[in-house]
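Everything on this sheet refers to the single structure shown next.
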Amino acid sequence: GFDWNLYRRLVGQWRRVADCFLGDYYPLTPYSLDAAAWMAWQFDRPEQGDGIVQAFRHAKSRQSSIKVRLHGLDAGATYRLTDFDATGSKDVPGRDLLDRGLTIAVKAPPGAAIITYQMKR
C-alpha cells in the first residue's frame with residue numbers, strides 16, 4: 001500500500017525548505033551528467049539568514065563525500081546546520097563554511113543530501 005508516513009515526512013520537509021528556492025542560487029559543483037560525478041547547489045536567503053544545500057551523488061560515484069564552500073553567508077555569524085538524513089543539528093561558524101567548506105556524505109550511490117542552515121541570532 002501507499003506509505004502515508006513517508007509521504008507526510010517528505011511533504012513536511014518540502015514545506016520547511018520551499019521558500020528557500022526563492023533565494024540566491026549558487027552552483028557548488030560544475031554541472032555534469034557524468035554517472036561518476038557529484039552535483040551540489042545552494043539557495044541562500046541573506047535577509048532571513050537561512051538557506052538550503054542540495055547534493056546528489058550519481059550512480060557510479062566512488063566518492064562517499066564531497067566538500068563544498070558555501071556562498072553569501074556572514075563570516076562573523078554562527079549557523080545551525082540540519083541534515084535531513086541525520087538526527088540533531090550542529091552549529092558551525094560562517095567563516096568555516098565560507099573558507100573550509102561543508103563536507104557532505106551520502107553512503108551509497110545514487111543518493112542525495114539536503115542540509116538546511118539558519119543563522120543563530
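Throughout, numbering of the chain's residues begins at 1 and tracks the sequence.
- Applying the salt bridge (charged side-chain N to carboxylate O under 4.0 Å, His left out) rule to pairs touching residues 103-121 yields Asp91-Lys120, sequence neighbours excluded.
- Across Tyr26, Tyr25, Tyr117, a single residue satisfies ring-ring contact (aromatic ring centres under 6.0 Å, His included) together with Phe43, and that is Tyr25.
- The backbone N or O of Pro110 lies less than 3.5 Å from no partner atom in the side chain of Arg57, so there is not a single donor-acceptor pair.
- The 12-atom threshold is exceeded at CZ of Arg45, counting heavy atoms of other residues, nucleotides or ligands nearer than 6.0 Å.
- Between Gly72 and Asp44, the shortest heavy-atom distance links the atoms O-OD2, 3.5 Å.
- Of the inter-residue distances, the one linking Ile115 atom CD1 with Ile104 atom CD1 reads 4.5 Å to the nearest 0.5 angstrom.
- The side-chain heavy atoms of Leu81 and Leu97, taken from C-beta on, include a pair separated by under 4.5 Å.
- Note that NZ of Lys60 and CG of Asp34 are 9.5 Å apart. Values are rounded to the nearest 0.5 Å.
- To the nearest 0.5 angstrom, Leu70 atom CG is 6.0 Å from Leu28 atom CG.
- Closest heavy-atom contact between Ser32 and Ala37: OG-CB, 3.7 Å.
- With rounding to the nearest 0.5 angstrom, the CG atom of Leu73 is 11.0 Å from the CG atom of Asp96.
- Between Ala40 and Ile66, the shortest heavy-atom contact is CB-CD1, 4.2 Å.
- No continuous path of hydrophobic side-chain contacts links Val68 to Phe56 [ILVMFWY only; heavy atoms under 4.5 Å].
- Between Asp74 and Tyr79, the side chains place no donor N or O within less than 3.5 Å of an acceptor N or O (distance only, hydrogens not considered).
- Atom CZ of Arg62 has 12 or fewer neighbouring heavy atoms from other residues, nucleotides or ligands inside a 6.0 Å radius.
- In terms of heavy atoms, Ser89 sits closest to Arg80 at OG-CD, 3.3 Å.
- When all heavy atoms are compared, the tightest approach of Asp85 to Ala113 is OD2-CA, 4.4 Å.
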Inset, instruction - For ring-ring contact (aromatic ring centres under 6.0 Å, His included), just list the numbers for Tyr31 and Trp41, CA-CA rounded to whole Å, side-chain angles, deciding distance to a tenth of an Å, and then say yes or no. - result: CA-CA 10 Å; Tyr31 179 81; Trp41 50 75; 8.6 Å; no
Legend entry - Criterion side-chain contact (heavy atoms from CB on, under 4.5 Å) on Val106 and Trp38, from CA distance to verdict: CA-CA 10 Å; Val106 172; Trp38 276 78; 3.5 Å; yes
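- Taken from OG1 in Thr103 to NZ in Lys67, the straight-line distance is 4.0 Å, to the nearest 0.5 Å.
- At least one donor-acceptor pair under 3.5 Å links the side chain of Gln42 to the backbone N or O of His71.
- Not counting sequence neighbours, Asp3 has no partner by the salt bridge (Lys or Arg N to Asp or Glu O under 4.0 Å) test.
- Between the side chain of Thr82 and the backbone N or O of Thr116 there is no donor-acceptor pair closer than 3.5 Å.
- The distance from atom CZ of Arg69 to atom CG of Leu98, rounded to the nearest 0.5 Å, is 8.0 Å.
- Looking only at distances, a side-chain donor or acceptor of Gln118 sits under 3.5 Å from a matching main-chain atom of Gln48.
- Considering all non-hydrogen atoms of both residues, Pro30 and Met39 come closest at O-CG, 4.1 Å.
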